[in-house]
Each structure stands twice: as C-alpha cells, then as structure tokens.
Amino acid sequence: MKLVSEVDLPKLLTGERHRIHLIGVAGSGMSGIAALLLELGHNVSGSDKVSTLETDRLQRLGLRFFPQHRAEDASDADLIVFSSAIKIDNPILVSARDSSKPVVRRAEALAAVMRGKRGVVIAGMHGKTTTSAMTAHVLREGGLHPSHYVGAEIPILGTNAHWDPRGEYFVAEGDESDGTLRCFHSEHCLILNIEEEHLDFYVDLDAIEKAFAQLIEQTSETVFYNVDDANTARLCAKRKGAISFGFFEKADYRGADVELRDFASVFCVYRRGQQLGEAILNVPGQHNVQNAVGVIALATELGIPFEKIAASLRKFEHARRRFEIKYQSDRFLLVDDYAHHPTEIRATLKAAKSTGRKRVLTMFQPHRYSRTKALRKEFGRAFDDADRVVVTDVYPANEAPIPGTSGKTIADEIATHGHRGVSYQPRLEWVHRDVGNMLDVGDLVLSLGAGNIHEQLSVLAADLVIAERLIAIVGEEADVRLYEPLSKHTTLRVGGPAQFLVEPRNENAFAELIRSCRRESLPLFVIGRGSNLLVRDGGIRGVVVHPCGGDFDRIEVNGNEIIAGVGAKLKEVAYAGKAAGLGGLEWMEGIPGAVGGGLRMNAGAMGAQTFENIVRVRYLDANGEAHTKTRDELEVHYRNFPLLENNFAVSAVFRGQPAPTEEIVRKLEASQEKRRTSQPAAKSAGCIFKNPNSCPAGKLVDELGLKNSRVGKARVSEVHGNFIVNDGGATAADMLELIERIKSVARAKRGIELETEVQVVGEMA
Ligand code: EPU
C-alpha cells in the first residue's frame, strides 16, 4: 500500500483526472464524496452491499456501481477511498494494499478536495448537519457560490454535496466520530459543542478535546465558537482572533429575546452590543437559534449584509431526519428526528413540547451498543419532556452486541428515573403499533434515533392517512382506533391488533365503510363481542368493524316480535322477552355473544338455536346495499349461517311466545344453573369444538383424559372438556397448539375428526 503522504492528494483530486473507487459508496457520507469526485471530472466507481436512491442518482451522473465488494471491480483504480464502516479484511482494501495502491479514508479525501477552496468546517457533537446546511444555504443566497459537503440529504441544497467551480468557499460538516477531524486544514471553523460521545472511539473527554484542539490549531483564519458551551468556550477562548457566539451577554454575536412560535423562532441579533436586527428561523428549537447565531457571525464576517442573511434564514428548511414533518393534519403531527445522544434528545423533545401539542409520544431506537452502555444514565434522564416513550432494541451500526446491553437497558433507566410512561418493545416492526394505539387527537409523535426507526413512523403515517379517511366516512360519533389489541375485544383475551378498528354507530356509516373498503381494496372483517373468536397473535390486517352503540345496540318490542341490532347482547334479548312476557328466548341468557355473532354461527344452548326464533334478518351486501330476508328465504345449518360469509348483518327480528312470567323466570334460572354448574367461569371462547354426531365434544375430551392438559397458559378446563381457558397471558399460539393436540388424540384414539366451532382468524405473529 502506498502511503497517502507519498501522493499529493489535493492535486490528485482537484487538479487531475483519475480512476477512483469508493468502498461503501451508499453511505450518506461516502455518496457525497462520490458526487464531488464526479463533478471534479473523475472516473468514479463504487461498491456497496446495498443500493439506495442516492446511488441510483449517482449512477445517472456516471458512477459505476457494484453491488458487492470484489477486488477485480476496482483493479484499474488509481485511488481507493473507504468508509470507516468498512472492515480491514474487505477484499478491495486487501487487494489495494497488496498492489501498493494509495488508499485513503473518506475524511482524508474530503479534506484534500477542500484544499482546492477556502474551507469552512462545521464541527461539534450535535447540530452539525443542520448548521452546515444552514451555512451553505446562507452563503449561497449571499451570492458566494459555495461548494458543500453535508452528511445527510438536504432538500434545500438539492444534494448532500456539490462542487461549484464559480465560488471560493467550501463548507463541510466535520465528523469527529472516527478521529478524522485532524485531516482538516481549513480557513475557518465553527465549533458548536463538545462533550462525551463516540466513546467507542475516544477514551474520554480529554481525547475528544485533543481532536478539537488540533482542528483549531490547523485553522488558518477565524475560529467561531459557541460561548454557551463550557467545554467549547474553554478550548477556544484563548485562540487569537476567535469569535464567540451564543446567548451569553458578552458573546461577540449574541442572540436574544427568543420567541418560539409553533415551528418558528424569532430572535434579535447583536454584534458586540450593537443590534444587527431581527431574524426568523423556520425550524423549531432553541438549540437551532443558537447555531443560527453562529452562522450569522460567520456570514457577517465573510461580508454578507445582515438583511440578506436574515432573508435566507427565513427560507431555510431542515435537513432530512432533522425535525422532519412526516405527517400533519388537524388532529395529528408526526415528526422524525435523528437525535441519538441524550443532549440531542433533550433538545428535540424541548422543541417538540414548545409546539404546544397535547402530548408528545416518542419512539426511540438506541444507536450503537457502546453508546447505550456508556450513556445509559444520561439517557434515563433525557426523556422528561415526553409523555410516553416506547424504546426498541439497539441499532448496532457496525458493532457486535454487548451482553447485558439492549433497548431494555434504556427503558429501565428511564423508569428508574421516575418516568411513568415508558415501555420496551424489542420487535422494531411492532413499535408503530404500540405508539399508534396510544395516539389521541392533538398528539405529536416523534421518532428518535440514527438507525431505521423513522421507517416505523412512516408506516404509522401511511396508516394515519387511511384512519383519517375512515373517520371522515363513519363520522365523528364513531370510534376509529389504530392497532387496537383484539385481546381486549375477545372473551378468550388473546389475539394481536386490528390494523384499524372501526365502530360505526348506524347502518349508513356501516354501508359507506363497506363501499369504501371495497373501492380501496382494504380487507374488511366484522367482529361482535368476540365470544367465539380466536384471533392469531399477528392480528388482523385491514379494517375490523365492530358495529356497536347507536342503532346497533337498540332493542324494541313490537307485539310478539323483538327487533334487535347486531350489537345487542343475546342475553338482553332474552331479558327484553321476559319484560314483555315473551318466552322461548330464555336459552339466550347463557350465550355471551351479541346478536350478530349469534346469527353468524347460529349459536345455540339448552338444545335450542338462534334461527328457531328468527323471523327476519336485515343485512348489507358486499356493495353496502341493504336487504331484508324472512326466515324461509334463508339457508341455515348447525352452527353455520352461510349468508353472512360475504354479507353483514345489521339487525334481526326474533319471535317469542307469550308465556307466564314465572315460567320464563324458571327457564332463565335453569339456563343460569346449567351454565354455573357445567361451564367454567374463567376466560374462554365458549365451546371450542362443534359437537360431532357420535358424542358431545366435551364428553369426548373428558373421556380422552385431556382435562387440565395445557400449552403455556392455555388449559383444558377441568369443569367442561370443550372449554379451553386462558389462565392469564396465554397466546393464540398456545391455544392453537392445544387445539391441535386434542384433535390429534381424538383422531388417533377414537377416529373422530373434531371441527372447531370457534372461528380462527388473523395472521401469525
Ligand atoms: N360432558 C362430560 N364431560 C365434560 C363436558 C360435558 O361428560 O367435560 C357431558 C355432559 O354431562 C353432557 C354432554 O357431555 O351429558 C353434553 O354437555 P353439555 O350439556 O354441557 O352440552 P354441550 O353440547 O357440551 C352445548 C353447547 C354450549 C351450550 C350448552 C348448554 C355446543 C358445541 N355447545 O354444549 O354452547 O352452552 O350446550 O346448553 O353445541 C357454545 O356454543 O360456545 C356453547 C358453550
């Protein structure tokens, strides 16, 4: 390998044309270098195991992209640039070393490119990307045609890196994370803050300060520094000609009278006591105001008039993933932020709180095991401004796990610190569900972290668009909930979430809902009281409709007929009968379900079944059209009413027989007694199996000696063999495994094929 010092890197990169290969070109920093090198006229190739929108864009500009790291693809390169995420045994690196090819790190290449211009480096632990973008934007608006390099996508700048041959300046975000700050020899630098971070690389704060001291030392002109940050001030104040900025009264450039207005901040700027004017920044947070004062200091010293600076600040927009609004409506606000250090989290939460929303709900993905371990206490104290926090597991970056350190470490620290709204969700793909289910009108949801947590916010945002449409369809009086756990809506108390749970209150709303789901190809599933339902642990995708309340709960008696909405309980129909002196309905007292469920499965007890009492059924078809059919027009079987496989009941008319009250009461009591003595009181879905012809299923299970057999917390009741009870915390998987076990024993020992009566729906977890 040729030593970098043996080649004149700045000349090679900015004065000549070469073949250059970048290892890890899809990384946010590396793609910026690729863009600069292409603009400088080099023949650029790059390899990465992933491709991104950015690599696609670069390919259109001439990058030759290789989806894997193979030595032969870089064999003709004159120079290799590699990302700090690349391991030393990378085949291209190994081969370059063997053939004595010059190999440089990303920051070395960047620093060398900058030598071709008057460099401005923005450095610090937090806020670099936003501040570099702001600086490049203000200099550009000020007519200086700066080149720039920023470590994230910056919509307002167009790209994350750009070489502009017209201008003299080059603004770069200086990354301290891997020690490469020492590469920069710029004309100016702007230092935002210095504290303990990247302890995977630095031993301690002292080591970090040394890296910054070297940067300052190598800066040829002015050091601009944040005087409010103690470490920065201590390090920079003694530097000759250094210019301070911040809120401190004696700062050379001072921000004051900050007023936070929703997403904007209005503040006054003073230079050495003299007022320059008022500025408006359209990104929230006090910390951004502080950094903007630094940008104002630098731009003013470079000769841009204050009015121009203020005008461009007003137009400034955030970088991607920096308080980026992902979704906004009258009801909800979803914001994504890259914050992954306790200081950044505190600042971002403060900004979120200052927007005045009802509550701030946060999803947080810790970044790197080393940081999680080193700063666990600080993380524990960083979430005071969040009403609810869901912490998921650590995004490892390129680190191996540290035993005993996980997302739970942080969740526990936050709880120990006294926060009452924290929970741990180890499955990243379920985080949006936990947060979405907490969501209330007026809330702000914030995703925090440098990994891929923002994808969870995007999923939530996409579902919120649909949820808001559903609200518009069913009306404000209806209930629309996201990711509602169906364990709350089934008597068995198991089951994953419904993507959307909708409770319409009348037939029109229900019909509109059916039509809209059909139009948008959204699956639709109807539940009642969930007394005969086993929902798998992965829940139900699409819209789960629970018609209840309003018209659906109504019961009216008209002569010998009782008209009941599908949401009314069967038990209530029996008691309405009793009040009106109508008998024959007493058996319904023992059924935990509602009219809808009773119809759907032709439920029965005490030797009777639903359709023996039915006169008419009103239902909506797949197009939302209403129909009424009389009993003789309907096909009905034991525990099955096929019409409702593709149609949706809205109400039914039952017929009772006038009977003396004492007789009705006696029958009701007999049903109660039967239930009390032969059925368990524990959580169950009623009978699990249909009764086979040869023998009642409960008797069969009993005879097979399977009572009290269990899987996890699912157990065959000792009271009745056809009941499986949830002893607390059972999963659908437990239930299903136990059902299969019973079926296979019945098959093996008695040759009986048991069929479930309970409806099994949903997806596996
Ligand atoms: N039996 C046993 N051991 C048991 C359970 C039952 O030997 O562990 C015997 C009973 O002694 C009885 C026979 O099996 O001789 C039938 O039992 P039961 O009278 O309890 O009736 P079932 O057929 O098991 C049906 C309904 C129940 C309803 C009752 C009461 C079905 C599948 N089940 O149960 O409905 O409550 O009658 O009338 O038709 C439901 O549908 O969810 C449900 C619970």
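Because only heavy atoms are used, hydrogens play no part in the values below, and waters and symmetry mates are left out as well, while side chains stay in.
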K.L.:
Would you check if the side chain of D387 reaches a backbone N or O of L361 as a donor-acceptor pair within less than 3.5 Å?
P.N.:
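Pair absent, no side-chain N/O of D387 close to backbone of L361.
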K.L.:
Please answer whether the main-chain N or O of H454 pairs with a side-chain N or O of S458 as donor and acceptor at a distance below 3.5 Å.
P.N.:
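Present.
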K.L.:
Mark yes when over 12 heavy atoms from residues, nucleotides or ligands other than R541 sit less than 6.0 Å from its CZ; otherwise mark no.
P.N.:
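At most 12 heavy atoms, drawn from other residues, nucleotides or ligands, come within 6.0 Å of this atom.
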K.L.:
Hey, is the main chain of S684 close enough, under 3.5 Å, to the side chain of T491 for a donor-acceptor pair?
P.N.:
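Present.
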K.L.:
Tell me, do D48 and F66 make a side-chain contact under 4.5 Å, heavy atoms counted?
P.N.:
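Of all side-chain heavy-atom pairs linking F66 with D48, none is under 4.5 Å.
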K.L.:
Of all residues at least two apart in sequence or in a different chain, which pass the salt bridge (Lys or Arg N to Asp or Glu O under 4.0 Å) check with R376?
P.N.:
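For R376, the residues satisfying salt bridge (Lys or Arg N to Asp or Glu O under 4.0 Å) (neighbours in sequence not counted) are E413.
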K.L.:
Mind checking salt bridge (Lys or Arg N to Asp or Glu O under 4.0 Å) for D727 and listing every partner two or more places apart, or none if nothing turns up?
P.N.:
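By the salt bridge (Lys or Arg N to Asp or Glu O under 4.0 Å) rule, D727 matches R710, R715.
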K.L.:
With a 3.5 Å distance limit and no angle check, can you tell me whether D537 reaches the backbone of A765 through a side-chain donor-acceptor pair?
P.N.:
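No; zero donor-acceptor contacts below 3.5 Å.
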K.L.:
If every non-hydrogen atom of A172 is compared with every non-hydrogen atom of L110, which pair is closest and at what distance?
P.N.:
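It is CB-CD2, 4.3 Å.
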K.L.:
Only counting residues at least two apart or in another chain, list the ones meeting ring pair (Phe, Tyr, Trp, His ring centres under 6.0 Å) with Y149.
P.N.:
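For Y149 there are no ring pair (Phe, Tyr, Trp, His ring centres under 6.0 Å) partners, ignoring immediate neighbours.
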K.L.:
Which one of N231, L192, N193, D229 satisfies the side-chain contact (heavy atoms from CB on, under 4.5 Å) criterion with M125?
P.N.:
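It is N193; the other options fail the test.
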K.L.:
Evaluate the side-chain proximity of Y369 to P396: yes if any heavy-atom separation is below 4.5 Å, no if none is.
P.N.:
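Yes - at least one pair of side-chain heavy atoms lies under 4.5 Å apart.
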K.L.:
Do K358 side-chain atoms and V441 backbone N/O form a donor-acceptor pair below 3.5 Å?
P.N.:
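It does hold such a pair.
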K.L.:
Using distance only, find each side-chain donor-acceptor pair of residues 80-94 under 3.5 Å and give its atom names and separation, not counting sequence neighbours.
P.N.:
residue : atom : partner : partner atom : Å
S83     : OG   : A85     : N            : 2.9
S84     : OG   : D178    : OD2          : 2.9
N90     : OD1  : I92     : N            : 2.9
N90     : OD1  : L93     : N            : 3.4

K.L.:
For K350 and D385: C-alpha separation, side-chain torsions, deciding distance, then whether salt bridge (charged side-chain N to carboxylate O under 4.0 Å, His left out) applies.
P.N.:
CA-CA 6 Å; K350 204 165 156 218; D385 277 334; over 6 Å; no
K.L.:
Verify whether the ring centers belonging to H341 and H126 lie closer than 6.0 Å.
P.N.:
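Yes - the distance between ring centres of H341 and H126 falls below the 6.0 Å cut-off.
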K.L.:
Under a 3.5 Å distance rule, please check whether D479 uses its side chain to pair with a backbone N or O of P504 as donor and acceptor.
P.N.:
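Answer holds: no.
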K.L.:
Run the ring pair (Phe, Tyr, Trp, His ring centres under 6.0 Å) test against Y395 and tell me which residues pass, sequence neighbours left out.
P.N.:
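Partners of Y395 by the ring pair (Phe, Tyr, Trp, His ring centres under 6.0 Å) criterion, ordered by chain and then number, come out as H367.
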K.L.:
Has H148 got a side-chain atom pairing as donor or acceptor with T159's backbone, closer than 3.5 angstrom?
P.N.:
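Present.
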K.L.:
Indicate yes or no: at least one non-hydrogen side-chain atom of V390 is less than 4.5 angstrom from one of T362.
P.N.:
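In short, these two side chains do not touch, never coming nearer than 4.5 Å.
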K.L.:
What I want to find out is whether D336 reaches R321 closely enough, with some N-O distance under 4.0 Å, to be called a salt bridge.
P.N.:
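Yes, this pair counts.
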K.L.:
Are H419 and F383 near enough that their ring centres are under 6.0 Å apart?
P.N.:
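When the ring centroids of H419 and F383 are compared, they turn out to be at least 6.0 Å apart.
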K.L.:
Between Y483 and H432, how do the two ring planes meet: parallel, tilted or perpendicular, split at 30° and 60°?
P.N.:
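Taking H432 first and then Y483, their aromatic rings stand perpendicular (interplane angle over 60°).
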K.L.:
Taking side chain to side chain donor-acceptor pair (under 3.5 Å) as the test, write out the residues that go with Y202, two or more places apart.
P.N.:
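In terms of side chain to side chain donor-acceptor pair (under 3.5 Å), with neighbours along the sequence ignored, Y202 is linked to no residue.
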K.L.:
Evaluate whether atom CG of D204 has more than 12 neighbouring non-hydrogen atoms of other residues, nucleotides or ligands under 6.0 angstrom away.
P.N.:
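Correct, the count exceeds 12.
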K.L.:
Report yes if some heavy atom in the side chain of L444 is under 4.5 Å from a heavy atom in the side chain of T355; otherwise report no.
P.N.:
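Yes, their side chains come closer than 4.5 Å.
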K.L.:
Say whether, by atom type as modelled, one donor and one acceptor occur between the side chain of Q425 and the main chain of V431 under 3.5 angstrom.
P.N.:
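Answer holds: no.
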K.L.:
For the residue pair W430 and Q456, establish whether any side-chain heavy-atom pair is separated by less than 4.5 Å.
P.N.:
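SC-SC contact between W430 and Q456 ruled out.
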K.L.:
Using a strict cut-off of less than 4.0 Å between a Lys/Arg side-chain nitrogen and an Asp/Glu carboxylate oxygen, indicate whether R331 and E476 qualify as a salt bridge.
P.N.:
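Answer for the salt bridge query: yes.
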K.L.:
Indicate yes or no: at least one non-hydrogen side-chain atom of N437 is less than 4.5 angstrom from one of L482.
P.N.:
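Not in contact.
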K.L.:
Would R322 count as a cation-pi partner of Y338, with NZ or CZ less than 6.0 Å from the six-membered ring centre and within 45° of the ring normal?
P.N.:
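That pair qualifies as a cation-pi contact.
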K.L.:
Do the side chain of E484 and the main chain of F500 share a donor and acceptor less than 3.5 angstrom apart?
P.N.:
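Judged by distance alone, no pair lies under 3.5 Å.
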K.L.:
Report yes if the side chains of R427 and T392 come closer than 4.5 Å at any heavy-atom pair, otherwise no.
P.N.:
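The answer is no; the side chains never approach within 4.5 Å.
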K.L.:
Under 3.5 Å, is there a donor-acceptor pair between the side chain of E173 and the main chain of G151?
P.N.:
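Flag set: sc E173 to bb G151 pair under 3.5 Å.
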